[in-house]
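For reference, the structure discussed in these notes is given below.
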Amino acid sequence: MPEWLVTTILILVKLGFVFFLLLTGAAYMVLAERKLLGRMQLRYGPNRVGPFGLLQPLADAVKLVTKEDFIPSQADKFLFFIAPGIAAVTALLTFAVVPFGPPIRLFGREVPLVICDLNIGVLYFLGLSSLAVYGVTLGGWASNSKYALLGSIRALSQLISYELSMGLAIVPVVLMARSFSLTNIVNAQAGLPFAILNPPAFLIFLVSVLAESKRIPFDLPEAENEIVAGFHTEYSGMRFGLFFVGEYINVIILSSMVTVLFLGGWHGPLLPGIVWFFLKVGFISFLFIWTRGTLPRLRYDQLMHFGWKILVPLALVNVIVTGAILLLLNPAKG
Amino acid sequence: MTAAIFYILSAAALLATLMAITRKNPVHAVIYLVHAFFALALIFFILGAPLVAAWEVIIYAGAIMVLFLFIIMMLELTPGEAARGPGWQRWAPVILLSGSIVVCTLLLMTAEPQAGPGGPNFYASPRDFGYGLFKEYALAVEIVSFQLLFAAVGAFYVGRGERTRRRARGDER
């Protein structure tokens, strides 16, 4: 087989694997969330479809596809159609740079377990996460509904505010790893994960990621008891489904970013690398669900105050301190 | 090959900007402007500066345009009278633009790097870029950042309003 064909097939296989994993992962995240929330609230959660309710995601998908696809009469149709797509696609694309395991040997060649090891992988992640805002915003605006518009405005200002602290929390990681490539960042954590070396950055990143995912306690863009369902109020059927799945894909992606940037990626004792990676992602995803079951929603002024007056200055100070310490430790390299 | 892509992208950027300044609906204008930034980002990539391309998307398309959208939505600017004609006609430009940008991206992805004349004759890695920016052009960078700081202070002063300013001076009981 010619060289390029093998490379193409390997990339396609990896793509298929990642897509399958992300989509089923997102579907079962929904089930896991409902089950866990149920247990936290002394209920059973869904347990009718299949053994232990394991086929529930399938039933949900069938329901969403067969529902009426409703379009408000005054909506901006083109943007209304395309917005859920933007939300889901930007979430899916992010996984292209996430290294989910150590390189493996296949057909006598080294195969890195990442779809594309960009040398600016961190920036790719930041770029896509800032573009993801458009899906939410345009969806809410195009619906031509007051609730949707309010939800969009909330989402916009929240995502912009917390993106800043998220980006600033990544800076120390890049400083310590001396690279923008996620694979190099994981390799730099072979000894100690950055969560232990720089706990402030880890905590700031974790909180910002929680806000970026628009989930409780930061779910103001879709606060049910204030603005019906926020930006996706007017959506139904599979279009709503895309927003919904996009949100859960986003949770998985953000958990894997936490894992890669701060928890040492695939590094861990005894078990194979890929198992460690998915264990860590699973744990952080569980953390997302756990916070949802435990914390109340913030008020809007609290949200903004916390983001701009606490997280951002803290992250800035952390960048300066980390830079100074690194400079003191090895001044020669500069 | 690269030269052809460059001209297509330049045309796309110009067309998108033209569409942006002629739209009556501000949200549509923002969407066209975002297309222009994407085309520009790809042009930076062709010129051998992937880092600048990434910043173009993150800062201009991802942050500044989002802020524009925020202001537009907050002010609830009522769009001018709705455009006439069927839907596909109104959205043909945006489909054309995003289509050409996506095609150019795919071509660039499959093209051999440094292939033939017109290809990038240098390539700036993030490290080179950082050294260039903060060693060679450090003074210019500092001046620009001071300017931004002045602008921020000025905006803060204006935004505080006359009453709070007077209270801060102690004129008001």
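Per chain, numbering begins at 1; letters A, B, ... match sequence-line order. Any value given below was found using the heavy atoms of this structure, including those in side chains, with hydrogens, waters and symmetry copies removed.
- Side-chain N or O atoms of A:Y134 include none that pairs as donor or acceptor with a backbone N or O of B:I31 at under 3.5 Å.
- Annotation for B:F68: atom CZ does not count as buried by contact number, only 12 or fewer foreign heavy atoms lying within 6.0 Å.
- Only the side chain of A:L138 comes within contact range of chain B, with heavy atoms under 4.5 Å apart.
- The neighbour count for B:Y137 OH, taken as heavy atoms of other residues, nucleotides or ligands under 6.0 Å away, does not exceed 12.
- Contact of A:L123 with chain B is made through backbone and side chain together, with heavy-atom distances under 4.5 Å.
- Rounded to the nearest 0.5 Å, atoms CG (A:L126) and CH2 (B:W55) are 7.0 Å apart.
- Between chain B and the options A:L164, A:I160, A:L159, the largest number of non-hydrogen pairs under 4.5 Å is found for A:I160.
- Expressed to the nearest 0.5 Å, how far CG of A:L156 lies from CD1 of B:I72 amounts to 10.5 Å.
- Counting heavy-atom pairs closer than 4.5 Å to chain A, the top residue among B:V66, B:L67, B:L69 is B:V66.
- In A:Y147, the OH atom is not crowded: 12 or fewer heavy atoms of neighbouring residues, nucleotides or ligands sit closer than 6.0 Å.
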